[in-house]
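The block underneath contains the structure these notes are about, expressed in structure tokens.
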There are 2 protein chains.
Amino acid sequence: MKVIYADLLNELKSRNIRLSHQRLKVLEYLTKNYTHPTVDQIYNGLHQDVPTLSKTTVYNTLNSLVDAGLVRVINIEDNETRYDIDTDNHGHFKCEKCRKIYDFKINIDSFDAHELDHFKIFDKNIYFKGICRQCQIDSSNIQSNN
Amino acid sequence: MKVIYADLLNELKSRNIRLSHQRLKVLEYLTKNYTHPTVDQIYNGLHQDVPTLSKTTVYNTLNSLVDAGLVRVINIEDNETRYDIDTDNHGHFKCEKCRKIYDFKINIDSFDAHELDHFKIFDKNIYFKGICRQCQIDSSNIQSNN
DNA sequence: TTATTATATTGTAATCATTACAAGTTAGTA
DNA sequence: TACTAACTTGTAATGATTACAATATAATAA
């Protein structure tokens, strides 16, 4: 899914969330970096460009954006929260070697979960963990060098 | 899924994990409390019975059991890790009102995720968030009392 | 049973992510 | 241009988890 920056701005305006310099920069970062970044990565990525930026502001901004439904939280490891500007229905794969998070297409709604028939569901998440293709290739190359 | 305590003990023995008093108590707690407890809940639940128990031991024990594949980690909220003695293929629903976690049957392997065809997958997780049936009933009763 | 030893437990201190808070700043509006 | 509610910032607080070193114990063999 392609995220259109201008659409995000309209979305913010319609929700009366002020278009502060810092928020626009965080949004811009997320639309330019599809890496499911952590708060630290966002902060470090923007710090040169916005020297006054505070990490608290990054937290505040992300919380606002999540509340507004413009950003999704990814909780895979318990010690690092990641953020995703793509709120469409998709899954995440985390490589335990290179730590990269890959998106993959999956229609979560195609499941039947009858036990939840009378439950209100706001949010559906799928994530897998393992070793990505590239890391398998890399490690077999290292072995063949022995 | 019914977890057989004796099977867990054999599993531990075969992996050369010592059957210390504290570990047995944590395992017993998990097999008796299908509530996906937090570390605090386990610690508080056992503290009367095992007064010398340390919270560090609960952490250490759970990490060992997770490494051994006897317990699964549930990361839904970023600030509370929960533990599940049921390692079978199933999904979790977290109610945002009563905070309870419900299990539901779902065959995660029934999906096709072709983009991951050459990825090694060790671990698959599904969780939903929303309002459970009981909390919806409760809140409509409160409203009708107005 | 007893002695031995590798492994486990414990309490405290350290770490790290996140939030609380209060003072200063700014976006949006009139 | 002035006003004000909302936002940003830096620091301090919080809370979960881990590191560490001293003590205790499970498993093994004599």
Side-chain angles (χ1 to χ4, degrees), chain A residues 8-29 36-68 70-83 99, chain B residues 8-29 36-68 70-83 99:
Chain A
L8 292 174
L9 296 195
N10 288 331
E11 193 66 26
L12 287 177
K13 277 184 195 161
S14 73
R15 291 169 185 271
N16 287 321
I17 298 176
R18 284 195 183 167
L19 308 179
S20 72
H21 184 54
Q22 292 85 342
R23 284 188 183 149
L24 298 181
K25 282 295 178 182
V26 169
L27 265 184
E28 187 188 272
Y29 184 91
H36 318 87
T38 62
V39 165
D40 261 32
Q41 289 168 337
I42 297 169
Y43 175 75
N44 291 327
L46 291 176
H47 194 248
Q48 293 190 18
D49 198 12
V50 190
T52 68
L53 185 66
S54 145
K55 203 177 280 187
T56 301
T57 298
V58 179
Y59 277 106
N60 289 340
T61 297
L62 288 168
N63 288 339
S64 301
L65 296 175
V66 169
D67 289 346
L70 301 184
V71 167
R72 275 175 80 94
V73 174
I74 309 176
N75 279 315
I76 298 183
E77 301 314 327
D78 54 358
N79 58 343
E80 65 166 23
T81 301
R82 288 164 168 269
Y83 296 89
R99 326 236 83 199
Chain B
L8 293 174
L9 296 195
N10 288 331
E11 194 64 27
L12 286 177
K13 277 184 195 161
S14 74
R15 291 168 185 273
N16 286 320
I17 298 175
R18 285 197 183 166
L19 307 180
S20 71
H21 185 54
Q22 292 84 342
R23 283 188 183 148
L24 298 181
K25 282 296 178 181
V26 168
L27 265 184
E28 186 188 274
Y29 184 91
H36 317 87
T38 62
V39 166
D40 261 32
Q41 289 168 339
I42 298 169
Y43 175 75
N44 291 326
L46 292 175
H47 195 249
Q48 292 191 15
D49 198 11
V50 189
T52 68
L53 186 67
S54 145
K55 204 178 277 188
T56 300
T57 297
V58 179
Y59 277 106
N60 290 341
T61 296
L62 288 168
N63 288 339
S64 301
L65 296 175
V66 169
D67 289 346
L70 301 185
V71 166
R72 275 174 80 93
V73 173
I74 309 176
N75 280 316
I76 298 183
E77 300 314 326
D78 54 358
N79 58 342
E80 66 166 23
T81 302
R82 289 163 168 267
Y83 296 88
R99 325 235 84 200

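This is a predicted model, so every value here is computed, not measured. In the text below, chain A, chain B and the rest are named by the order of the sequence lines, each starting its count at 1.
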Atom-pair distance ([atom1] on [X]; [atom2] on [N]), nearest Å:
X: B:K13; N: D:dA26; atom1: NZ; atom2: C1'; value: 12 Å
X: B:L19; N: D:dT25; atom1: CG; atom2: C1'; value: 13 Å
X: A:L24; N: D:dC7; atom1: CG; atom2: P; value: 13 Å
X: A:Y43; N: D:dT8; atom1: OH; atom2: P; value: 14 Å
X: B:L9; N: D:dA27; atom1: CG; atom2: C1'; value: 15 Å

Does any N or O in the side chain of [X] come within less than 3.5 Å of the main-chain N or O of [Y], such that one atom is a donor and the other an acceptor?
X: A:T57; Y: A:L53; value: no
X: A:N75; Y: A:T81; value: no
X: B:S14; Y: B:E11; value: yes
X: A:R82; Y: A:I74; value: no

Study note, to complete from the structure: Shortest non-hydrogen pair, A:R15 vs A:A68, comes out as CZ-O, 3.0 Å
Practice item. Identify the heavy atoms of B:L19 and B:L24 that sit nearest to each other, and give their distance. Key: O-CD1, 3.8 Å
Practice item. Using heavy atoms to find the nearest nucleotide of DNA chain D for B:E80 and A:H21 separately, return the residue whose nucleotide is more 5′. Key: A:H21
Practice item. With A:I42 as reference, evaluate A:D40, A:L46, A:N44 under the side-chain contact (heavy atoms from CB on, under 4.5 Å) test and give the passing residue. Key: A:L46
Check your understanding: Would you say D:dC7 has OP1 or OP2 under 4.0 Å from some side-chain N or O of A:R23?
Key -> yes
Exercise for review: Determine: side-chain N/O of A:Q22 to OP1/OP2 of D:dT9, distance under 4.0 Å, yes or no.
Suggested key: yes
Revision key, fill the gap. In numerical order, the residues of residues 44-65 of chain A whose heavy atoms come under 4.0 Å of DNA chain D are A:T52, A:L53, A:S54, A:T56, A:T57, A:N60
Review point. Should A:L12 and A:L65 count as side-chain neighbours, where that means a heavy-atom distance under 4.5 Å?
Key: yes
Review point. Side chains of B:E28 and B:K25: closer than 4.5 Å at any heavy-atom pair?
Key: yes
Review point. Just the endpoints, please: which first and last nucleotides of DNA chain C, 5' to 3', lie under 4.0 Å from a heavy atom of chain B?
Key: C:dA6 to C:dT12
